[in-house]
Amino acid sequence: MDVNVTISQLVTGARFEGFLLVRSSDQRVGSNGSKYLDMNLTDRTGEINCKLWDGTVAPPAPGSVVKVRGLVQEYNGRKQLRIERLREAVEADGVDLSRLVPCAPESAEDMRRRIDETVARFESEKLRRLVQEMLRLAGDELAWFPAAQRMHHAERSGLLHHTTSMLCVAEQLLACYPFLNGDLLRAGVILHDLGKIREMKSDRLGNVQDYTRDGILLGHLVRGVATLEEAAKNVGVDGEIVTLLEHMIISHHGEAEYGSPKGPMFPEAEALHWIDLLDARMNEMERIQQRTPQGAFSEAIRSLDGRRIYHPFYDENAR
């Protein structure tokens with residue numbers, strides 16, 4: 001049994017023993033009336049659903065680290081760990097959290113510096129003041145906050161990762177379509193998801209335990225617009241530029257089915273929607289490929305319309 005194996009390397013029928021981070025845990029009741037633990041455990045490479053068929057064990061707290069031993073099985077096309085033994089980690093275990101916490105590939109400091117440098121180059125003073133104030137209101141949590149609970153960029157500093165990746169795409173798009181207002185598009189990229197900091201409950205490890213009351217009742221689109229109104233008043237900016245940014249925030253999901261009350265109604269808003277969608281899907285596909293062997297298909301991915309993602313042999317000589 002290899003204690004260094006990661007979740008992405010698990011294969012059906014293998015045994016696993018090691019430390020994992022608790023994403024969620026609940027005690028449930030089976031069809032036969034017996035209690036069991038239903039948990040999602042993670043390391044930096046992925047997440048796996050786990051079952052412990054022992055109703056006497058209390059659910060470990062989300063965000064805690066546990067040591068588990070069990071057998072990798074498959075259920076409905078997804079890998080699942082049937083746990084035989086579980087205990088909470090203790091300080092003497094010397095657990096290396098860097099192995100357990102999914103993190104952005106760059107440091108938060110480097111990504112934040114790139115964003116600040118982008119804003120400093122804005123030709124529009126109004127946009128520069130608005131975006132700088134929105135970043136100030138976002139606070140220190142932006143440094144570690146994830147972009148999602150489970151889907152794209154669900155990692156420590158994932159919100160910064162998503163934002164800086166989108167800025168890279170935006171620069172390429174601006175070169176292709178020079179009629180677009182560059183400052184407005186860049187501002188929309190930076191602001192579009194800041195409302196997530198109020199939408200989700202995340203610890204400093206980037207582990208989202210749940211959605212906040214604000215997130216459930218309003219969501220990050222509405223909260224983003226409300227915060228932008230506050231920022232505009234704080235820095236004395238009004239007029240159409242504020243309305244345009246508000247529209248970009250509420251329309252970036254594209255359509256009502258995905259939470260946007262309005263579809264994009266001007267070019268920069270349309271561009272923001274597709275940049276957001278592209279970056280989210282590329283990040284998901286990258287993570288799926290990391291856990292899927294070459295020449296194989298992934299499980300059905302709900303967030304990708306139930307598609308199974310193929311990992312090609314990009315090197316023709318590798319087959």
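Treat the numbers as computed from the prediction; the structure is a model and nothing was measured.
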- Phe297 and His311: ring pair (Phe, Tyr, Trp, His ring centres under 6.0 Å), yes or no, with the steps? CA-CA 6 Å; Phe297 288 88; His311 189 171; over 10 Å; no
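- Checked for salt-bridge contact, Glu171 and Arg186 meet the test: a charged N lies under 4.0 Å from a carboxylate O.
- The number of heavy atoms from other shown groups lying within 6.0 Å of CD (Glu240) does not exceed 12.
- Within 6.0 Å of CZ on Arg204 lie no more than 12 heavy atoms contributed by other residues, nucleotides or ligands.
- Shown here for Gly63 and Asn207, the closest heavy-atom pair between the two residues is N-ND2, 3.3 Å.
- For the residue pair Glu106 and His161, no side-chain donor N or O sits within less than 3.5 Å of a side-chain acceptor on the partner.
- Within a 6.0 Å sphere centred on OH of Tyr75, heavy atoms belonging to other residues, nucleotides or ligands number 12 at most.
- Within 6.0 Å of atom CZ in Arg85, 12 or fewer heavy atoms from other residues, nucleotides or ligands are found, so the atom counts as exposed in its surroundings.
- Note: His220 and His252 meet the aromatic proximity criterion, with ring centroids under 6.0 Å apart.
- Heavy-atom contacts from other residues, nucleotides or ligands closer than 6.0 Å to NZ of Lys51 number more than 12.
- A single hydrophobic cluster is seen to contain both Ile48 and Val66, as judged by linkage of ILVMFWY side chains at heavy-atom distances under 4.5 Å, directly or through other members.
- Side-chain polar atoms of Glu74 and Thr12 form a donor-acceptor pair below 3.5 angstrom.
- Interatomic distance, OG of Ser298 versus CZ of Arg287, reported as 11.5 Å (0.5 Å rounding).
- Minimum heavy-atom separation, Leu221 to Ile249: CD2-O, 3.3 Å.
- Salt-bridge annotation for Asp214 and Arg223: present, with a side-chain N of the basic residue lying under 4.0 Å from a carboxylate O of the acidic one.
- The distance between the ring centers of His273 and His253 does not fall below 6.0 angstrom.
- Hydrophobic clustering keeps Tyr36 apart from Leu86 (ILVMFWY residues linked when any side-chain heavy atoms are closer than 4.5 Å, directly or through intermediates).
- Contact of the Asn49 side chain with the Leu81 side chain is not registered, since no non-hydrogen atoms from C-beta on lie closer than 4.5 Å.
- The distance from the CG atom of Leu37 to the CD1 atom of Ile83 is 8.0 Å, given to the nearest 0.5 Å.
- Here CH2 of Trp144 is found 8.0 Å from OG of Ser202. Values are rounded to the nearest 0.5 Å.
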Which pairs would a plain distance check flag for residues 176-184, meaning a side-chain donor or acceptor within less than 3.5 Å of a matching protein atom at least two apart in sequence or in another chain?
unit_1 : atom_1 : unit_2 : atom_2 : d
Asn181 : OD1    : Asp183 : N      : 3.2
Asn181 : OD1    : Leu184 : N      : 2.8
Asp183 : OD2    : Glu123 : N      : 2.7
Asp183 : OD2    : Ser124 : N      : 2.9

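- Under the 4.5 Å side-chain heavy-atom criterion for Ile, Leu, Val, Met, Phe, Trp and Tyr, Leu71 and Val5 are members of distinct hydrophobic clusters.
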Could you pull out every donor-acceptor pair under 3.5 Å between side chains of residues 134-141 and any protein atom, sequence neighbours left out?
unit_1 : atom_1 : unit_2 : atom_2 : d
Arg136 : NE     : Glu133 : OE1    : 3.0
Arg136 : NE     : Glu133 : OE2    : 3.4
Arg136 : NH2    : Glu133 : OE2    : 2.8

